[in-house]
Amino acid sequence: MKLGKHLAVLAALTLSLGFGVQAASAADKDPIKIGVYLPLTGQNAFGGQLELEGVRLAQKEMPTVLDRPVELVVVDNKSDKVEAANAVKRLVERDKVVALIGTYGSSLAMAGAEVAEKAKVPGVGTSCTNPLVTQGKKYYFRACFIDPYQGAAAATYAYENLGLKKAAVLMDMTNDYAVGLSSFFTRSFKKLGGEVVANLKYSSGDQDFTAQLTELIAKKPDIVFMPAYFAEGAIIMKQARELGATFRLMGADAMDNPDTVKLGGKAAEGFLHTTFPYDSKMTNMSPEAKRFTEAWKKAYPDKETNVNGALGYNCYFLIVDAIKRANSADPQAIAKALAETKDLPTALGKLSINKTHDAEMPVGIIEYKNGQRVYVGEVTPK
């Protein structure tokens with residue numbers, strides 16, 4: 001009787017252990033959730049959609065890590081700061097993501113980064129260039145350069161490469177991205193020896209820039225720096241040419257959009273803007289850039305390759321690489337590995353994360369010639 005009882009206990013224990021092993025094994029194969037919050041509607045939807053397509057393309061290439069499937073949990077931040085914060089809150093609290101990708105739009109990223117920081121969940125910004133996105137953060141990173149560097153590069157190209165000595169600024173005073181870039185351009189242009197003859201403002205959604213442009217024409221600058229989004233930038237170009245302006249116009253990375261030349265038409269001729277170091281027609285393309293370009297054309301044959309797509313693509317691989325090196329899907333381990341990223345080959349060149357959690361990379365320059373977007377090279381700011 002006692003022997004029978006012992007055997008029964010042993011059988012029950014063995015069965016229990018067997019279920020335990022199966023349960024642990026099943027948990028090991030659970031998806032690793034990565035949250036994606038991007039503007040899929042609203043003012044910034046075009047850029048957000050491109051970045052999401054880049055993220056999805058990367059996941060298609062590498063759908064697993066640590067022998068577990070990667071699940072993307074996508075939330076539309078609707079181009080709104082409050083919605084961006086709420087999107088991150090939902091992703092970390094309800095969906096239990098281990099890392100975040102996003103977002104296009106510095107103002108949106110700043111709102112989302114505050115929530116991620118408190119939750120101690122790492123995030124990687126796609127194209128949010130304002131320094132405040134990562135400033136003082138332990139858990140937030142970005143896959144792009146920052147505005148002080150971009151603004152200085154724009155000023156260097158205008159002053160050194162083009163030989164233009166008088167500049168003016170036209171900026172959206174309600175947009176953190178535009179305000180920051182305008183300040184950095186102005187500071188750098190003056191430091192180089194140039195003169196800034198005017199600093200004029202408008203508000204997001206404005207359609208008539210006649211008053212500002214008339215004043216700019218009277219000030220006779222050689223170049224006007226306008227870090228606008230592409231839709232407003234195209235309107236400014238057209239109205240400037242209609243008023244007879246002869247100064248050069250220069251924007252920043254938010255103008256890097258296939259629709260810029262379509263909306264601007266003939267007024268876009270000679271327009272310049274900074275960008276991230278990728279273009280589908282660039283010479284000496286790296287193997288990683290070629291792989292991205294070919295994969296994009298295959299997946300989205302009706303859409304031009306775009307640097308925002310490349311940035312979304314890069315963010316996914318940055319996080320997956322960090323998970324591999326950490327050998328863990330724990331958010332704190334991923335954050336530590338992200339901070340240690342060094343010379344990772346990507347579609348935008350070898351990428352390292354510096355001490356302020358920003359990516360180190362050169363600044364590209366685009367010029368519109370004969371109705372075409374032309375990647376003219378890269379510049380190192382002075």
Side-chain angles (χ1 to χ4, degrees), residues 38-39 42-51 53-54 79 104-106 126-129 144 147 150-151 153-154 157-158 162 169-172 175 177-178 181-182 185 202 204-209 212-213 223-243 245 247-282 293 296 300 302-312 348 363-379:
L38 289 166
Q43 180 188 18
N44 300 326
F46 195 93
Q49 290 282 359
L50 285 168
E51 291 181 350
E53 285 162 356
S79 303
Y104 182 97
S106 291
T126 45
S127 54
C128 41
T129 51
C144 59
D147 286 335
Q150 180 178 198
Y157 192 79
L162 300 180
V169 171
L170 178 59
M171 71 169 183
D172 178 354
N175 186 288
Y177 164 83
L181 260 175
S182 298
F185 174 89
Y202 66 90
S204 293
D206 286 354
Q207 297 291 306
D208 186 0
F209 303 92
Q212 295 97 325
L213 290 168
I223 190 165
V224 173
F225 182 65
M226 53 158 201
Y229 287 99
F230 73 98
E232 287 171 347
I235 296 171
I236 292 169
M237 285 181 215
K238 284 187 171 182
Q239 292 182 7
R241 298 312 171 214
E242 286 167 2
L243 291 168
F247 48 69
R248 298 290 297 270
L249 281 165
M250 187 176 199
D253 63 287
M255 292 295 297
D256 194 359
N257 189 298
D259 280 355
T260 293
V261 70
K262 294 176 187 175
L263 294 173
K266 291 181 180 178
E269 188 68 18
F271 176 65
L272 300 153
H273 66 73
T274 49
T275 189
F276 302 99
Y278 167 80
D279 185 78
S280 62
K281 299 180 182 69
M282 67 195 304
T293 304
W296 180 279
Y300 313 115
D302 298 327
K303 288 189 177 182
E304 294 180 44
T305 53
N306 179 273
V307 74
N308 289 105
L311 285 161
L348 280 78
V363 177
I365 300 291
I366 298 293
E367 182 174 0
Y368 291 82
K369 300 178 182 180
N370 302 317
Q372 299 294 318
R373 174 188 178 281
V374 181
Y375 189 85
V376 296
E378 294 162 5
V379 61

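A quick note: this is a predicted structure, and the numbers were derived from the prediction, not measured.
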Minimal non-hydrogen separation, M226 against I236, with atom names:
SD-CG2, 3.5 Å

Check for a donor-acceptor pair, side chain of S79 on one end and backbone N or O of N44 on the other, with a separation under 3.5 Å.
yes

Using atom types as modelled and distance alone, determine if a side-chain donor or acceptor of S106 lies under 3.5 Å from a backbone N or O of T129.
yes

Any chance the side chains of Y157 and T274 put a donor and an acceptor closer than 3.5 Å?
no

Drop me the distance from Q207's CD to Q239's CD, to the nearest 0.5 angstrom.
8.0 Å

So, taking the atom named CG in L162 and the one named CE in M250, what distance separates them when rounded to the nearest 0.5 Å?
7.0 Å

For N370, all residues meeting side-chain hydrogen bond (donor to acceptor under 3.5 Å, both in side chains), sequence neighbours excluded
none

CG of N308 to OG1 of T275, rounded to nearest 0.5 Å, is 7.5 Å

Does any N or O in the side chain of Q150 come within less than 3.5 Å of the main-chain N or O of D253, such that one atom is a donor and the other an acceptor?
yes

I'd like to know if the side chain of T260 and the backbone of F230 have a donor-acceptor N/O pair within less than 3.5 Å.
no

Keeping the roles fixed (side chain from Q212, backbone from M171), state whether a donor-acceptor pair exists under 3.5 Å.
no

Do the side chains of R241 and L249 get nearer than 4.5 Å, heavy atoms only?
yes

CG of L213 to CG of L243: how many Å apart, nearest 0.5 Å?
6.0 Å

Yes or no on side-chain contact (heavy atoms from CB on, under 4.5 Å) for I366 and Y375, after CA distance, side-chain angles and deciding distance?
CA-CA 5 Å; I366 298 293; Y375 189 85; 3.6 Å; yes

I need the E51 CD to N306 CG distance, nearest 0.5 Å.
8.5 Å

Tested for side-chain contact (heavy atoms from CB on, under 4.5 Å) against F271, the lone hit among E367, M255, R248 is M255

Donor-acceptor pair, Y177 side chain versus A254 backbone, under 3.5 Å?
yes

Would you name the heavy atoms of G48 and L38 that are closest together and state the gap between them?
O-CD1, 3.6 Å

If you look only at pairs with a residue in residues 268-281, which of them pass as a salt bridge (Lys or Arg N to Asp or Glu O under 4.0 Å), with sequence neighbours excluded?
D279-R373

Hey, does the side chain of W296 reach the backbone of K303 with a donor-acceptor pair shorter than 3.5 angstrom?
yes

Heavy-atom side-chain contact between L311 and Y278 under 4.5 Å:
no

Test ring pair (Phe, Tyr, Trp, His ring centres under 6.0 Å), reference H273, set F225, Y229, Y368, output is Y368

OH of Y300 to OG1 of T305, rounded to nearest 0.5 Å, is 12.5 Å

Donor-acceptor check, side chain of D172 to backbone of S204, threshold 3.5 angstrom: yes or no?
yes

Taking the side chain as everything from C-beta on, heavy atoms only, tell me whether K369 gets closer than 4.5 Å to V376.
yes

Do you know which two heavy atoms are closest between A228 and Y202, and how far apart they sit?
CB-OH, 3.3 Å

Minimum-distance pair of heavy atoms, taken over all atoms of C144 and F276:
CB-CE2, 3.2 Å

Check against side-chain contact (heavy atoms from CB on, under 4.5 Å), M282 and T293:
CA-CA 11 Å; M282 67 195 304; T293 304; over 6 Å; no

